[in-house]
There are 2 protein chains.
Amino acid sequence: MNISAASKAAGLPAKTVRYYADIGLVPAPARSESGYRSYDNASVRKLIFVRRAREFGFSISECRDLLGLYEDRRRSSADVKRIATARLEEIAKKQRELQSLHDELAHLVDACRGDDRPDCPIIDSLGNPRRGPRQAP
Amino acid sequence: MNISAASKAAGLPAKTVRYYADIGLVPAPARSESGYRSYDNASVRKLIFVRRAREFGFSISECRDLLGLYEDRRRSSADVKRIATARLEEIAKKQRELQSLHDELAHLVDACRGDDRPDCPIIDSLGNPRRGPRQAP
DNA sequence: ATAGTGTTTCCAGTTACTGGAAGGTCAAGC
DNA sequence: GCTTGACCTTCCAGTAACTGGAAACACTAT
C-alpha cells in the first residue's frame, strides 16, 4: 500500500502520515526499491488509532502514551483510565470557561443596538475592565 | 513609564507588550535617550483593550479590527456587533463540539473498570472506529 | 567600584501540522 | 520508445501567538 492509499484508509492527509513517522509517533514504514513508503494493515490501524485519539483532543504526547498502552497487551485498564479521566477534566474545565465567556459576550451583544450610532457597550466593556470578562486564571 | 510598569498596569507580560508593537498591533512607543520604551496612559489603555479582547478569544487579526473601531469615534455600533456576533457563533459551535466529545469520553471512562486487568473499552474504542467519536467535519 | 536589577535586540523553540518547490517514478496510451 | 499525468520523494518555510534565553547595555544603591 502506497502512502495515498494508506492515508485514505486512515482518514489522514498524506502529509500528516509522513509527519507522524518523522516525529517518531508511529514507526517508519518499509520502503520499496524506488524509495516509496509501503504500508500494511497494522500500520493503518495505528494511524487510525492516532487519528481518533487526536479527534478526542489528546495531544501528540498523550497519543504517544496511549499508543504504548495500545500495544502493551499486559497494561492495566487503570493506566488508560487515568489518562482519559485527566483529559475529561480538561474538557470540563474548557466547557466552563467557554460557558462564562459565551454568557458575557452574549449579554454584551444583546445590549448593543447594532445601529449606525457609535455608542456601543461591547467596545465600552473591552475598554473598561470593570464590566468585561473574568481575568484569565 | 518603563515597560515593566506598563506591562503590570496592562496585565500582560513585558515580552507580549513588545511583541504587540513588533507586529504593529499597537503603535511603537516612544523611546528614552538610552533606548528604553516609554509608555503613557493611552498606550496602557490600548494594551488593556487588547488583553481583554484576547481573553474573549478574539484573534490578533480581530483585535486589529476592534482596535480600529475602538479608535474611530464615528463608527457604527453595528460594525462592532457584527464581529462580536460572529465570535459568539464560534463559541457556541465549539461548545457543541466539546459537549459531544465530553459525553462520549465520559461514557467510555464510565465503562472502563480501571483495575489491573488489561481489558479496556477506552482503548478498544480508539482502535475500533465503530464506537469512537464523531469524524471531524 | 560593584552588585543587582531592568532593558535592549535577536534567535530559537513551541504545537501540530500545511503549502509549495524541485525532482524522481510509474502506468497508460500512442 | 516517448510523452503525459498522477504519484512519490525530500526539504524549506510558514502558520498563531507567543515564550525562553543569551549577550550586552543602562540605571540605582551601597
Side-chain angles (χ1 to χ4, degrees), chain A residues 1-26 28-40 43-44 46-67 87 90 94 97 136-137, chain B residues 1-26 28-40 43-44 46-67 87 90 94 97 101 135-137:
Chain A
M1 218 187 320
N2 281 347
I3 196 168
S4 69
S7 86
K8 262 166 208 135
L12 286 168
K15 276 255 173 189
T16 303
V17 172
R18 276 190 212 103
Y19 172 74
Y20 284 164
D22 283 352
I23 62 171
L25 177 58
V26 298
R31 298 294 183 116
S32 75
E33 236 174 89
S34 56
Y36 284 19
R37 286 169 180 82
S38 174
Y39 296 86
D40 57 12
S43 319
V44 169
K46 268 183 218 176
L47 288 169
I48 290 172
F49 182 92
V50 172
R51 172 177 60 77
R52 299 180 59 66
R54 293 285 301 125
E55 283 169 7
F56 264 130
F58 291 100
S59 71
I60 293 288
S61 163
E62 286 170 324
C63 287
R64 246 181 251 273
D65 296 346
L66 286 170
L67 259 183
R87 174 78 197 127
E90 287 165 28
K94 192 93 194 171
E97 285 169 11
Chain B
M1 219 187 318
N2 280 350
I3 195 166
S4 68
S7 86
K8 263 166 208 134
L12 286 168
K15 275 255 174 190
T16 303
V17 172
R18 277 190 210 102
Y19 172 74
Y20 284 165
D22 283 352
I23 62 171
L25 177 58
V26 298
R31 298 295 183 115
S32 75
E33 236 172 272
S34 57
Y36 283 19
R37 287 168 180 80
S38 174
Y39 295 86
D40 58 12
S43 319
V44 170
K46 269 183 216 176
L47 288 170
I48 290 173
F49 182 92
V50 171
R51 172 177 60 77
R52 300 180 58 67
R54 293 285 301 126
E55 283 169 7
F56 263 130
F58 290 99
S59 71
I60 293 289
S61 162
E62 286 170 325
C63 286
R64 247 180 249 274
D65 295 347
L66 286 170
L67 260 182
R87 174 77 198 129
E90 288 164 28
K94 192 93 193 168
E97 286 169 10
L101 221 54
Q135 298 289 99

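Values below: every heavy atom of this structure, side chains too, minus hydrogens, waters and symmetry copies. Every chain is numbered from 1, with letters handed out A, B, ... down the list of sequences.
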Query raised in the report: Pick the nucleotide of DNA chain D nearest each of Lys15(A) and Glu33(B); which residue has the one closer to the 5' end?
Result: Lys15(A)
Report task. Send over the distance from Phe58(B) CZ to dA17(D) P, rounded to a whole Å. Result -> 13 Å
Query - Side-chain heavy atoms of Lys46(A) within contact of Ser43(A), under 4.5 Å - result: no
Requested in this report: Rounded to the nearest angstrom, tell me the gap between atom CD1 in Ile60(B) and atom P in dG14(D).
Outcome: 19 Å
**Report entry** Whole angstrom value for the distance that separates P of dT9(D) from OH of Tyr19(A)
**Finding:** 18 Å
Query raised in the report: Which is true for Arg18(B) with a 4.0 Å heavy-atom rule: it touches a base, it touches only sugar-phosphate, or it touches nothing?
Result: base
Query raised in the report: Looking for any heavy atom pair under 4.0 Å, which part of the strands does Ile23(A) touch: base, sugar-phosphate only, or nothing?
Result: nothing
Query raised in the report: In whole Å, what is the span from the OH atom of Tyr36(A) to the P atom of dA6(D)?
Result: 14 Å
Query - Minimum-distance nucleotide (side-chain atoms of Ser4(B) versus dT18(C), dT19(D), dG6(C)) - result: dG6(C)
Report task. Report yes if a side-chain nitrogen or oxygen of Arg37(B) is closer than 4.0 Å to either non-bridging phosphate oxygen (OP1 or OP2) of dT9(C); otherwise report no. Result -> yes
Query raised in the report: Any side-chain N or O of Ser59(A) less than 4.0 Å from the OP1 or OP2 oxygen of dT15(C)?
Result: no
Report task. Please determine if a side-chain N or O atom of Ser34(A) lies less than 4.0 Å away from the OP1 or OP2 oxygen of dT9(D). Result -> no
Report summary line: Between Ala53(A) and Leu66(A) the two heavy atoms that sit nearest each other are CB-CD1, 4.3 Å
Requested in this report: Give the rounded distance in Å between these two atoms: CD of Glu55(B) and P of dC18(D).
Outcome: 11 Å
Query raised in the report: When the distance from CG of Asp22(A) to P of dA13(D) is rounded to whole Å, what number comes out?
Result: 16 Å
**Report entry** Nearest-angstrom distance from the residue atom CG of Asn2(A) to C1' of dT25(C)
**Finding:** 10 Å
Query raised in the report: What closest approach, in Å, do Phe58(B) and Glu62(B) show between heavy atoms, and which atom pair accounts for it?
Result: CA-OE1, 3.3 Å
Query - Min side-chain heavy-atom separation Met1(A)-Asp40(A) under 4.5 Å - result: no
Query raised in the report: When all nucleic acid strands are considered with a 4.0 Å heavy-atom cut-off, which category describes Ser32(B): base, sugar-phosphate, or nothing?
Result: nothing
Query raised in the report: Within less than 4.0 Å of OP1 or OP2 of dA17(D), is there a side-chain N or O belonging to Thr16(B)?
Result: no
Requested in this report: Tell me whether the OP1 or OP2 atom of dC17(C) has a side-chain N or O from Tyr20(A) closer than 4.0 Å.
Outcome: yes
Query raised in the report: Just by modelled atom types, is the Arg87(A) backbone N or O under 3.5 Å from a matching donor or acceptor in the Glu90(A) side chain?
Result: no
Report summary line: Ile3(B) CD1 to dC27(D) P, in whole Å, measures 16 Å
